[in-house]
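Here's the structure, in structure tokens; my notes come after.
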Amino acid sequence: MPRFSRRSFLHLSAAASAAAALRMMSEPMLAASARRRPHAKDAVLIDSNENPLGPCQAARDAVSAIIPEGGRYSDNLTDELVSTFAQMEGLNPDYIYCTPGSTPPLSLSVLAFTSPQKSYVTADPSFETGMNMAAIAGARVVKVPLTKTYAHDVKAMLAAAPNAGVFYICNPNNPTGTLTSHADVEYLVDHKPKGAVVLVDEAYIHLCEAPSALDLVKSGKDVIVLRTFSKVYGMAGLRCGFVIARPDLLEKVIARGGQNFMPTTAVAAAAASLNAPELVPERRRINAGIRQQTFQWLDRSGYAYIPSESNCFMLDTKRPGQEVRDAMAKENVLIGRVWPIMPTYVRITVGTQEEMEHFQSAFQKIMKA
Ligand SMILES: Cc1ncc(COP(=O)(O)O)c(C=O)c1O
């Protein structure tokens with residue numbers, strides 16, 4: 001199959017479900033649905049799993065340098081970025097498509113593989129974008145609670161929906177920051193119904209040591225992997241990501257999105273970030289260190305939380321979580337949302353050391369009030 005060209009998808013755009021695509025729900029939209037607006041300029045923003053470090057220096061320099069070329073579509077830069085990523089991961093470039101963040105391919109994958117006859121199966125709690133998209137596709141949404149160790153319960157997911165079109169695995173999971181073993185993902189892939197896909201969302205994979213599911217894509221399985229530059233690379237506002245799958249699956253996903261071009265600033269920043277060898281291990285260390293210190297403080301102070309491997313974790317307030325969010329907002333600290341299955345828990349993003357100190361004093365004040 002020939003290498004994907006952005007222009008070659010023009011003819012497929014008529015099939016795109018544009019109305020549905022416009023209703024994609026991204027993390028900041030989900031976070032903002034309960035955010036106090038407008039928030040103060042100096043508010044502590046630990047509600048959207050953003051990276052407070054932003055793009056690395058090489059990425060900032062690359063963005064500045066590309067600005068004069070902003071009048072061009074520059075497909076070639078996107079192709080080079082795809083080749084770089086393909087080389088790094090030992091993938092065939094035909095298996096990779098570059099997108100503005102991973103929200104679009106997540107939404108489009110769900111539109112492509114769910115329908116009123118093909119259910120969407122997700123863990124509960126988990127990231128909601130796919131679930132919202134499945135509802136738009138008219139699919140049944142099947143929510144399966146996480147296991148006692150907060151992994152995806154793959155056997156229960158299989159049993160819950162013999163007619164599944166998509167099994168969504170978020171690894172590490174948002175909001176819990178917990179892992180599902182590679183063996184469990186493989187089990188799901190090997191036992192899923194024919195025609196279904198396993199959609200593995202690796203938005204946070206760089207923040208932990210867990211293995212990726214890319215090997216399952218390489219071995220030709222019905223697996224779609226999503227990657228984003230929004231998290232460890234600190235590029236949420238620049239928008240770059242990849243969807244990685246067998247070309248026949250990839251074509252079905254992309255067909256629903258119509259034609260578009262990548263912002264050259266995002267592509268330049270992403271390429272510079274991939275070429276910065278220390279970036280991922282260094283940021284993983286920084287995030288883990290601040291997360292660990294926060295957990296130690298919570299332990300000392302007697303608060304309950306779910307240990308996490310990512311840049312967010314669930315904190316049990318033992319009260320209605322939304323009340324705590326509102327009270328924290330009054331202290332100028334915006335914390336993450338509440339999932340209906342865990343009504344006393346709030347999601348906390350790991351920010352900078354200074355932000356987490358603000359969080360600690362505001363949280364202590366509210367809980368002691
Ligand atoms: C699990 C997960 N997947 C995908 C996304 C989408 O991110 P983006 O569109 O910025 O790549 C997010 C954002 O927070 C997320 O948490």
Side-chain angles (χ1 to χ4, degrees), residues 21-35 45-52 54-55 59 81 85 96-110 120 122-134 146 150 152 166-180 185 198-208 210 212-213 224-244 253 257 260 262-263 265-267 269-270 273 287 308-314 334-337 339 347-351:
L22 288 172
R23 290 162 72 185
M24 289 172 187
M25 287 288 280
S26 64
E27 174 63 42
M29 288 163 75
L30 293 162
S33 60
R35 191 187 262 188
L45 301 177
I46 49 171
D47 60 340
S48 296
N49 290 356
E50 294 155 337
N51 188 336
L81 175 66
F85 180 70
I96 307 166
Y97 194 73
C98 185
T99 51
S102 57
T103 298
L106 167 52
S107 303
L108 298 173
S109 299
V110 176
Y120 177 78
T122 178
D124 193 15
S126 193
F127 188 54
E128 309 95 319
T129 294
M131 199 170 79
N132 297 338
M133 229 48 208
L146 294 169
Y150 303 100
H152 289 65
V166 171
F167 292 93
Y168 175 67
I169 302 285
C170 188
N171 206 20
N173 190 38
N174 178 4
T176 51
T178 48
L179 297 177
T180 298
V185 178
V198 177
L199 179 59
V200 186
D201 187 336
E202 296 189 341
Y204 302 92
I205 193 84
H206 296 107
L207 292 158
C208 65
S212 163
I224 300 173
V225 172
L226 303 172
R227 288 284 182 88
T228 180
F229 285 85
S230 294
K231 305 302 173 185
V232 84
Y233 295 107
M235 284 179 39
L238 285 168
R239 315 300 299 137
C240 192
F242 294 123
V243 49
I244 306 128
V253 174
N260 209 339
M262 284 297 296
T265 42
V267 172
S273 301
N287 177 70
S308 149
E309 307 275 337
S310 185
N311 72 342
C312 63
F313 63 92
M314 289 300 260
L334 304 189
I335 59 171
R337 59 188 177 276
W339 270 253
R347 189 191 65 191
I348 307 294
T349 299
V350 178

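Atoms within a ligand are numbered from 1 in the order they appear, just like the ligands themselves. It should be emphasised that the depicted structure is a prediction, and the values quoted were computed from it without experimental measurement.
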message: If the cut-off is 4.0 Å to any non-hydrogen atom of Gly101, which atoms of ligand 1 fall inside it?
response: 9 (O), 11 (O)

field: Thr103, any N or O under 3.5 Å of ligand 1 N or O
entry: yes

query: Does Cys170 reach ligand 1, in the sense of a heavy atom lying below 4.0 Å from it?
result: yes

query: Judged by atom type as modelled, is there a donor-acceptor pair below 3.5 Å linking the side chain of Ser308 to the main-chain atoms of Ser310?
result: yes

- prompt: With atoms numbered from 1 as shown, which atoms in ligand 1 lie under 4.0 angstrom from a non-hydrogen atom of Thr228?
  reply: 8 (P), 11 (O)

message: Contact between ligand 1 and Asp201 is defined here as a heavy atom of the residue under 4.0 Å from a ligand atom; is it met?
response: yes

Working for side-chain contact (heavy atoms from CB on, under 4.5 Å), residues Val198 and Ile169: CA-CA 7 Å; Val198 177; Ile169 302 285; 4.0 Å; yes

message: Exactly one of Lys231, Arg347, Glu128 should register a side-chain hydrogen bond (donor to acceptor under 3.5 Å, both in side chains) with Asn174. Which one does?
response: Arg347

task: Taking side chain to side chain contact (heavy atoms under 4.5 Å, CB included) as the test, write out the residues that go with Ser230, two or more places apart.
output: Thr228, Ala236, Arg239

- prompt: Going by the atom numbers of ligand 1, which of them fall below 4.0 Å from some non-hydrogen atom of Lys231?
  reply: 13 (C), 14 (O)

- request: Report the part of Tyr204 (side chain from C-beta onward, or backbone N, CA, C, O) that has a heavy atom under 4.0 Å from ligand 1; answer both or neither where that applies.
  value: side chain

- request: Below 4.0 angstrom from a heavy atom of Arg239, which ligand 1 atoms are there? Numbered from 1 as shown, please.
  value: 8 (P), 9 (O), 10 (O)

query: ligand 1 versus Asn49, non-hydrogen atoms closer than 4.0 Å: side chain, backbone, both, neither?
result: neither

message: Quick one, Tyr168 with Val110, criterion side-chain contact (heavy atoms from CB on, under 4.5 Å). Give me CA distance, side-chain angles, the key distance, then yes/no.
response: CA-CA 9 Å; Tyr168 175 67; Val110 176; over 6 Å; no

message: Regarding ligand 1, does Ser48 bring an N or O atom to under 3.5 Å of one of the ligand's N or O atoms?
response: no

field: Backbone N/O of Pro105 and side chain of Thr99: donor-acceptor pair under 3.5 Å
entry: no

query: Which of the atoms of ligand 1 are close to Ser102, meaning less than 4.0 Å from one of its heavy atoms?
result: 4 (C), 5 (C), 6 (C), 7 (O), 8 (P), 9 (O), 11 (O)

query: Is it the side chain, the backbone, both or neither of Ser230 that has a heavy atom closer than 4.0 Å to ligand 1?
result: side chain

- line: For Ala123, the side chain to side chain contact (heavy atoms under 4.5 Å, CB included) test, sequence neighbours excluded, returns Ser126, Leu146, His152

message: Just so I know, are the side chains of Asn51 and Tyr233 near enough to count as touching, which here means a heavy-atom distance under 4.5 Å?
response: no

